[in-house]
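Okay, structure first, notes after.
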Amino acid sequence: MSNIPSELKYATSHEWVRSEGNGIVTIGITEHAQDLLGDMVFVELPDVDDEISTGDDVAVAESVKAASDIYAPVSGKVIAVNEDLEDSPELVNSDAFGDGWMFKVKLEDESELEALLDAEGYKNSIDED
Amino acid sequence: MVNKTVLHAKHLDAGAKMVDFHGWEMPINYGSQIEEHHAVRTDAGMFDVSHMTIVDIQGNDAKAYLRRLVINDVAKLTVAGKALYTGMLNEAGGVIDDLIIYFFTDTDYRLVVNSATREKDLAWMNKQAQGFDITITERPEFGMIAVQGPNAKAKVATLLTAEQQAAVEGMKPFFGVQVGDLFIATTGYTGEDGYEIILPETVTADFWQKLLDAGVAPAGLGARDTLRLEAGMNLYGLDMDETISPIAANMAWTIAWEPSDRDFIGRDVLAAQKASGDQPKLVGLVLEEKGVIRSHQKVITEFGDGEVTSGTFSPTLGHSVALARVPRSVKVGDIVEVEMRKKLVKVTVTKPSFVRNGKKVF
């Protein structure tokens with residue numbers, strides 16, 4: 001069973017969200033997701049300053065196996081992207097919840113975080129798969 | 001019913017991720033498919049290919065039977081142990097399977113065919129055997145390990161007896177020799193140096209462990225696919241099948257047209273296709289930008305549409321490569337378009353071979 005840190009929030013589409021305070025969150029994909037996809041070869045990220053809405057396909061994780069859309073788990077403005085993934089997409093495999101982060105968003109509405117799954121809820125959602 | 005090879009427990013011990021491969025539970029990777037790929041290109045890796053089907057053809061008419069059954073001519077094989085890659089066609093000229101034939105004597109041959117096509121291959125071979133004095137014997141009691149990479153032969157050598165070492169010393173590509181328990185062949189599916197070794201199931205797990213101890217990295221089906229695709233080698237079921245002519249699958253080189261009176265199955269159809277020049281062809285595609293070309297994507301050319309048969313990310317080159325079937329007028333160096341995820345992306349046409357012995361070849 002893969003690691004599901006309890007301090008993070010999750011979307012059923014396998015993104016994780018970490019609150020950094022001041023309405024800023026960091027977003028990536030879960031260890032379970034990277035395990036399903038296999039070795040990552042390209043990651044296409046949104047642009048800084050993009051306005052994104054919950055459910056938009058905003059990034060693409062392309063692995064040896066398939067290209068997968070990554071959906072915005074929250075709405076807001078992209079304020080940073082992980083440029084290290086350009087040359088080292090494998091960081092998503094080796095450290096999905098850390099160095100493999102994808103982008104940071106300034107939330108439009110902080111209460112949106114409450115609608116996301118907690119670790120227990122995400123664990124249940126992948127057990128149903 | 002899921003089949004397991006004799007190495008199944010070894011794969012689980014090594015932490016393999018197992019998948020169903022045409023009814024066989026096989027390792028897709030042991031952690032990182034890309035690292036396994038690099039191990040084969042730069043050092044030595046090994047694959048469990050025990051699921052493949054080994055069939056011995058023996059008897060007075062073995063040679064005559066195979067000269068009818070396959071498109072290449074086994075009469076070209078005169079040195080014991082020499083191997084031949086070829087295809088077995090239906091009456092309509094479609095590829096039932098691709099296979100390797102090892103020659104021992106005119107009355108004794110060994111075939112290695114795909115596992116996914118095992119039942120239909122055996123049914124077809126038995127049907128065609130009518131009137132020939134031969135026996136067709138499947139050999140499921142053998143395991144098979146492919147050891148591939150620039151250091152593969154040296155690492156295998158550490159496990160061989162003096163007699164076995166002497167037998168494989170200086171053996172040319174595409175040969176096989178039986179010494180003791182091992183049938184050792186200089187064949188493979190990666191574009192690297194190495195061996196494919198057929199051995200009794202009773203000793204296969206022990207041999208695998210000794211290879212591990214000698215520093216050979218286990219590699220799964222994922223790496224096997226990226227390696228064979230970089231080498232421009234066909235995968236049955238993707239790059240060709242029963243509806244595809246060998247002429248449209250980069251297998252024309254395996255057709256022996258001479259002598260002209262050899263009546264192999266599918267000959268008339270192939271001769272007509274050759275004369276009309278209307279068959280499509282298999283080419284390579286290279287995309288140096290981001291993105292990965294995938295099987296079944298549409299290829300748009302000025303001469304008409306084609307289709308990607310196999311596409312992947314090439315770990316050796318760092319970008320995507322693919323095999324595609326396109327109209328015959330498309331030429332190497334042309335720029336064509338591939339429909340990828342709702343976008344049209346420009347790619348370059350190459351010969352259908354990308355990497356050999358660790359080096360880019362297009």
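Keep in mind that this is a model prediction, so the values were computed, not measured. First the proteins, then the strands, lettered A, B, ... as listed; each starts at 1.
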Side chain, backbone, both or neither of E44(A) within contact of chain B (heavy atoms, under 4.5 Å): both
Nearest heavy atoms of E15(A) and P73(A), plus distance in Å: CB-CG, 4.1 Å
Could you tell me the separation between the CG atom of D39(A) and the NE2 atom of H37(B), rounded to the nearest 0.5 Å? 11.5 Å
Residue N93(A) versus chain B: region with a heavy atom under 4.5 Å: neither
Looking at I28(B), V292(B), T312(B), which makes the most heavy-atom pairs under 4.5 Å with chain A? V292(B)
When E35(B), R294(B), R341(B), K17(B) are compared by non-hydrogen pairs under 4.5 Å with chain A, the top option: R294(B)
L282(B) to N234(B) - nearest heavy-atom pair and separation: CD2-OD1, 3.5 Å
Looking at E20(A) and T26(A), what are the two nearest heavy atoms and their distance? OE2-OG1, 2.5 Å
Using non-hydrogen atoms and a 4.5 Å limit, figure out which bit of E289(B) sits close to chain A: side chain, backbone, both or neither. backbone
Closest approach of S19(A) to V25(A) (non-hydrogen atoms, all atoms of both residues): CA-CG1, 4.0 Å
